[in-house]
Peer 1: 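Shown below is the structure under consideration.
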Amino acid sequence: MPAALDQHLPRDWWTSAVVYQIYPRSFADGDGDGIGDLRGVLDHLDHLEHLGVDVVWLSPVYRSPQDDNGYDISDYHDVDPVFGSLADLDEVVAALHARGIRLVMDLVVNHTSDEHAWFEESRSSRGSDRRDWYWWRPPREGHTGGEPGAEPTDWRSFFSGPAWTWDEATGEYYLHLFSRKQPDLNWENPQVRQAVYAMMRWWLARGVDGFRMDVINLVSKPATLTDGDASHAVVDGPRMHEFLHEMHQEVFAEHPRAFLTVGEMPGVDVDEARRYTDPERQEVDMVFQFEHVDLGIGPGGKFDRVPVTMPQLRESLMRWQTGLAERGWNSLYWDNHDQPRAVSRFGDDDPVWRERSAKTLATVLHTLRGTPYVYQGEELGMTNLPFAGPEELRDIESANHLAERQAGGASVEELLPGVREVGRDNARTPVQWTAGPGAGFSAGEPWIGVNPNHTEINARAQVGVAGSVLEHYRALIALRHDEPVVARGGVTPLAMEHPDLWAFGRDFGDARLLTLASFTREPISLPEDLLDGWREADVAISTSPEAAAGVQDGGVLLGWESVVLVRRG
């Protein structure tokens with residue numbers, strides 16, 4: 001292991017780190033079968049090194065029936081052949097470490113696949129030693145199992161339909177908050193927890209540097225399951241803090257290497273997040289919260305969209321900044337494998353404005369307090385794909401939504417706009433490496449459609465090109481490494497009443513930093529008091545030289561541009 005990874009690091013080394021998420025199915029295909037794999041990852045490590053990231057988060061590559069694209073795991077100790085082999089993964093770890101980059105694995109332990117050996121044994125009989133490794137319940141009193149309304153509770157799956165599936169062989173229902181092929185583990189059983197911790201230690205022994213924990217704050221269910229909103233019952237459950245502290249003690253407390261733990265926590269609020277990430281509590285280093293990406297959800301759910309204004313987005317993220325300012329830590333992200341492309345959602349993907357808005361979104365995120373996460377293709381300014389129809393969709397969540405709503409009488413034409421806007425497939429189109437066939441992703445037929453704009457938006461056209469989205473990301477990552485005020489400074493929200501300007505200050509020691517970002521196409525005349533003492537400051541980074549000059553010389557911020565100023569003393 002190279003010295004860069006072997007040396008002692010402070011516990012909070014990740015304050016100056018940037019994480020890059022790889023969704024391997026869509027990153028790069030090394031064997032030409034149309035599906036991304038670990039050999040494809042190895043082929044593009046130079047890209048990550050050029051970008052300057054410190055950590056790679058690898059979405060699941062474990063053995064899986066692929067009902068939910070790998071988030072339904074049938075064997076935690078092996079790699080699915082579609083992605084390669086354990087030897088390939090060992091090679092990825094070694095190659096990343098040689099470049100000074102750590103690897104974080106996805107940890108999916110709220111549920112397994114229904115094809116996992118644990119569940120197969122659990123469902124073999126009511127007397128199985130592993131029966132209570134999962135949540136089994138009899139039919140509702142007075143009802144016949146398998147008939148509508150007989151489910152133990154009225155809970156709905158996050159992927160549509162009931163959260164209970166009838167098992168004819170043993171005469172009981174099992175709980176699945178997600179797909180019926182993703183039965184929930186029963187964390188109340190200490191044997192389950194010990195099996196999970198043993199698996200985690202096994203991966204750390206192979207050289208893995210930490211875990212991103214999928215929907216981890218759902219694992220603690222109440223002792224009695226009753227009717228009502230499942231989210232209210234299972235989010236931040238009664239033993240959640242106890243379980244995470246136990247995990248830390250069992251897996252990480254005595255570990256000699258630097259590691260990173262981040263918990264994906266839908267529904268978590270600022271107060272709970274502060275407790276989860278308080279270093280003294282020894283639970284997780286940071287959480288993924290959903291508040292800002294849940295903006296725009298209408299009364300009909302995720303795909304029922306209502307308009308979101310920039311002030312709403314700004315208020316949400318800045319409240320998290322101030323809420324975790326004294327204790328705890330933020331993870332910072334615009335998009336990931338479950339979210340649509342940021343430039344289409346929060347920016348402006350019109351060809352005239354796409355690059356500027358992509359760079360400005362990056363400027364805001366990477367100069368806030370927290371650990372930034374870059375999702376593959378984000379550094380290129382990739383956009384949503386204009387799906388023509390249901391036949392182009394691959395995501396189980398979107399497909400189930402369409403099927404359920406159509407069964408209720410809705411038309412495809414009514415439903416597609418919401419799916420096009422926020423469907424998960426937007427993030428899962430292949431990374432656009434070149435302008436050539438298949439965007440350079442695969443020599444075969446890609447498993448999902450390639451965005452036709454890859455001829456303009458691709459890595460080959462941006463690497464080393466001054467002013468490109470990629471080189472802007474690279475400069476922002478370097479700024480976090482080089483400027484302690486970015487990594488560790490406090491945050492002061494500014495101009496919060498402005499409809500189009502996102503502004504905030506950072507301070508650390510004798511350093512002061514000011515971020516100014518436009519979220520409109522029209523030039524913004526900056527408030528004079530905001531620039532007081534800053535006109536002669538150094539430009540730390542800007543989306544263009546013209547943007548910097550406009551701010552310092554004329555007090556004007558051009559449309560969808562951003563400027564970061566720094567001064568000492």
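The chain is numbered in sequence order, starting from 1. Every value quoted in this text rests on a predicted model; they were computed, and no experiment measured them.
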Peer 1: Indicate yes or no: does Glu250 engage Arg193 in a salt bridge with an N to O separation below 4.0 Å.
Peer 2: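 Answer for the salt bridge query: no.
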Peer 1: Using distance alone, with no hydrogens and no angle criterion, decide if Ser179 and Asp67 have a side-chain donor and acceptor under 3.5 Å apart.
Peer 2: yes
Peer 1: Between Leu86 and Asp78, is a side-chain contact (heavy atoms from CB on, under 4.5 Å) present by the stated rule, with each step listed?
Peer 2: CA-CA 6 Å; Leu86 267 176; Asp78 201 4; 3.8 Å; yes
Peer 1: Could you point out which residue of Asp269, Leu324, Val270, Leu317 forms a side chain to side chain contact (heavy atoms under 4.5 Å, CB included) with Gln289?
Peer 2: Leu317
Peer 1: Closer than 4.0 angstrom, basic N to acidic O: yes or no for Arg428 and Asp338?
Peer 2: yes
Peer 1: Tell me whether Glu115 is salt-bridged to Lys181, with the criterion being a basic N under 4.0 Å from an acidic carboxylate O.
Peer 2: yes
Peer 1: Any side-chain donor-acceptor pair under 3.5 Å between Asn400 and Ser160?
Peer 2: no
Peer 1: Anything under 30° is parallel, anything over 60° is perpendicular, the rest tilted; go ahead and classify His248 against His245.
Peer 2: parallel
Peer 1: So, the side chain of Thr429 versus the backbone of Val450: is there a donor-acceptor pair under 3.5 Å, distance only?
Peer 2: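 Not at all, since once roles are kept as given, no pair shorter than 3.5 Å links the two residues.
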Peer 1: Among His111, Gln66, His337, find the one that has a side chain to side chain donor-acceptor pair (under 3.5 Å) with Tyr71.
Peer 2: His337
Peer 1: Which pair of heavy atoms, one from Asn384 and one from Ser344, lies closest together, and at what distance?
Peer 2: N-OG, 3.0 Å
Peer 1: On a heavy-atom basis, which atom in Ser64 and which in Gly70 lie closest, and how many Å separate them?
Peer 2: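 Of all heavy-atom pairs spanning Ser64 and Gly70, the closest is OG-CA, 3.6 Å.
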Peer 1: Tyr134 side chain to Arg123 main-chain N or O, any donor-acceptor pair under 3.5 Å?
Peer 2: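 Checking the backbone N and O of Arg123 against the side chain of Tyr134, no donor-acceptor pair under 3.5 Å is found.
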Peer 1: Does Asp209 form a side-chain contact (heavy atoms from CB on, under 4.5 Å) with Leu260? I'd like the steps, not just the answer.
Peer 2: CA-CA 7 Å; Asp209 304 292; Leu260 172 67; over 6 Å; no
Peer 1: Roughly how far, to the nearest 0.5 Å, is the CG atom of Leu89 from the CZ atom of Phe83?
Peer 2: 11.5 Å
Peer 1: Do Arg131's NZ or CZ and the ring of Trp136 fall within the cation-pi criteria of under 6.0 Å and 45°?
Peer 2: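 Verdict for Trp136: a cation-pi partner in Arg131.
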Peer 1: Looking at Gln312 and Pro307, what are the two nearest heavy atoms and their distance?
Peer 2: OE1-O, 3.9 Å
Peer 1: Does Asp129 have more than 12 heavy atoms from other residues, nucleotides or ligands lying within 6.0 Å of its CG?
Peer 2: no
Peer 1: Centroid separation under 6.0 Å, is that true for the rings of His176 and Phe159?
Peer 2: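 Centroid distance Phe159-His176: not below 6.0 Å, so no.
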Peer 1: Do Leu96 and Val92 come within less than 4.5 Å of each other through their side chains, counting heavy atoms only?
Peer 2: yes
Peer 1: Under 3.5 Å, is there a donor on one side chain and an acceptor on the other for Glu378 and Tyr373?
Peer 2: no
Peer 1: Counting N and O atoms only, with roles assigned by atom type, does the side chain of Ser125 sit under 3.5 Å from a partner on the main chain of Ser128, one being a donor and the other an acceptor?
Peer 2: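 Looks like yes, one N/O pair under 3.5 Å.
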Peer 1: Answer yes or no: is there an ion pair linking Asp335 with Arg345, defined by an N-O contact shorter than 4.0 Å?
Peer 2: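 Looking at Arg345 together with Asp335, the answer is no, because their closest N to O distance does not fall below 4.0 Å.
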Peer 1: Using atom types as modelled and distance alone, determine if a side-chain donor or acceptor of Asn426 lies under 3.5 Å from a backbone N or O of Arg341.
Peer 2: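 Checked: no pair found.
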Peer 1: Do Leu175 and Leu177 touch side chain to side chain, with heavy atoms closer than 4.5 Å?
Peer 2: yes
Peer 1: Evaluate whether atom CZ of Arg405 has more than 12 neighbouring non-hydrogen atoms of other residues, nucleotides or ligands under 6.0 angstrom away.
Peer 2: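 Not more than 12 within 6.0 Å, no.
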Peer 1: How far apart are the closest heavy atoms of Pro266 and Leu218, and which atoms are they?
Peer 2: CG-CD2, 4.3 Å
Peer 1: Do the side chains of Asp425 and Ile448 get nearer than 4.5 Å, heavy atoms only?
Peer 2: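 Yes, side chains in contact.
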Peer 1: Does Arg25 make a cation-pi contact with Trp447, if we ask for NZ or CZ under 6.0 Å from the ring centre and within 45° of the axis?
Peer 2: yes
Peer 1: Which atom names give the shortest non-hydrogen contact between Leu225 and Thr153, and what distance separates them?
Peer 2: O-CG2, 3.6 Å
Peer 1: Using modelled atom types only, decide if a donor and an acceptor are shared between the side chain of Asp285 and the backbone of Thr261 within a distance under 3.5 Å.
Peer 2: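 Here the side-chain-to-backbone pair exists.
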Peer 1: Is there a side-chain contact between Ser59 and Gln21 (heavy atoms, below 4.5 Å)?
Peer 2: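 When only atoms from C-beta onward are counted, Gln21 and Ser59 do touch, with a gap below 4.5 Å.
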Peer 1: Would you mind listing every ring-ring contact (aromatic ring centres under 6.0 Å, His included) that reaches into residues 303-324, with sequence neighbours excluded?
Peer 2: Phe303-His401
Peer 1: With a 4.0 Å cut-off on N to O distance, would you call Lys221 and Glu188 a salt bridge?
Peer 2: no
Peer 1: Any side-chain heavy atom of Thr309 sitting closer than 4.5 Å to one from Glu315?
Peer 2: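 The answer is no; the side chains never approach within 4.5 Å.
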Peer 1: How about Asp132 and Asn189: does a side-chain donor come under 3.5 Å of a side-chain acceptor?
Peer 2: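 Looking only at side-chain atoms, Asn189 and Asp132 do form a donor-acceptor pair, the distance falling under 3.5 Å.
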Peer 1: Gln321 side chain to Arg369 main-chain N or O, any donor-acceptor pair under 3.5 Å?
Peer 2: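 Yes, because the side chain of Gln321 sits within donor-acceptor range (under 3.5 Å) of the backbone of Arg369.
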Peer 1: Side-chain donor-acceptor pair under 3.5 Å between Asp236 and Tyr276, yes or no?
Peer 2: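 Present: a donor and an acceptor within the cut-off.
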Peer 1: What's the verdict on side-chain contact (heavy atoms from CB on, under 4.5 Å) for Val262 and Trp14, showing C-alpha distance, side-chain angles and the deciding distance?
Peer 2: CA-CA 11 Å; Val262 53; Trp14 27 259; over 6 Å; no
Peer 1: Is a donor on one side and an acceptor on the other found under 3.5 Å between the side chain of His116 and the backbone of Asp114?
Peer 2: no
Peer 1: Less than 4.5 Å apart, any side-chain heavy atom of Thr112 and any of Tyr76?
Peer 2: yes
Peer 1: In plain terms, say whether Glu280 and Arg327 are close enough for a salt bridge, that is, a side-chain N and a carboxylate O under 4.0 Å apart.
Peer 2: yes
Peer 1: Can you pull the salt bridge (Lys or Arg N to Asp or Glu O under 4.0 Å) pairs that have at least one residue in residues 146-160, sequence neighbours excluded?
Peer 2: Arg156-Glu404
Peer 1: Taking Arg281 for the side chain and Arg275 for the main chain, is one N or O donor matched with an acceptor at less than 3.5 Å?
Peer 2: yes
Peer 1: Would Lys302 and Asp304 count as a salt bridge (Lys or Arg N to Asp or Glu O under 4.0 Å) here? Give the steps.
Peer 2: CA-CA 6 Å; Lys302 169 180 173 176; Asp304 178 22; over 6 Å; no
Peer 1: Kindly say whether Phe288 contributes a backbone atom to a donor-acceptor pair with the side chain of Tyr333 at under 3.5 angstrom?
Peer 2: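 The answer is no, because no donor-acceptor pair under 3.5 Å joins these two groups.
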Peer 1: Over 60° means perpendicular and under 30° means parallel, so classify the ring planes of Trp334 and Phe346, tilted if in between.
Peer 2: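 Tilted: the ring planes of Phe346 and Trp334 meet at 30° to 60°.
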Peer 1: Pairing donors with acceptors under 3.5 angstrom, does anything connect the side chains of Ser220 and Trp187?
Peer 2: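 No, because no side-chain N or O of Ser220 sits under 3.5 Å from a partner of the opposite role on Trp187.
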Peer 1: By the definition side chain to side chain contact (heavy atoms under 4.5 Å, CB included), identify the one residue from Glu264, Met247, Met265 that meets it with Met213.
Peer 2: Met247
Peer 1: Could you check Val109 against Ile216 for side-chain contact (heavy atoms from CB on, under 4.5 Å), going step by step and ending with a plain yes or no?
Peer 2: CA-CA 7 Å; Val109 289; Ile216 194 65; 4.0 Å; yes
Peer 1: Would you say Phe259 and Val251 make side-chain contact, with heavy atoms under 4.5 Å?
Peer 2: no
Peer 1: If we count only N and O atoms by modelled type, under 3.5 Å, do the side chains of Tyr23 and Asn69 hold a donor and an acceptor together?
Peer 2: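 Present: a donor and an acceptor within the cut-off.
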Peer 1: Where is the tightest heavy-atom contact between Val287 and Ala273, given as atom of each residue plus distance?
Peer 2: CG2-CB, 3.9 Å
Peer 1: Considering residues at least two apart in sequence or located in another chain, which fulfil the side-chain hydrogen bond (donor to acceptor under 3.5 Å, both in side chains) criterion with Asp227?
Peer 2: Arg140
Peer 1: Do Glu379 side-chain atoms and Gly377 backbone N/O form a donor-acceptor pair below 3.5 Å?
Peer 2: yes
Peer 1: Any side-chain heavy atom of Ile22 sitting closer than 4.5 Å to one from His44?
Peer 2: no
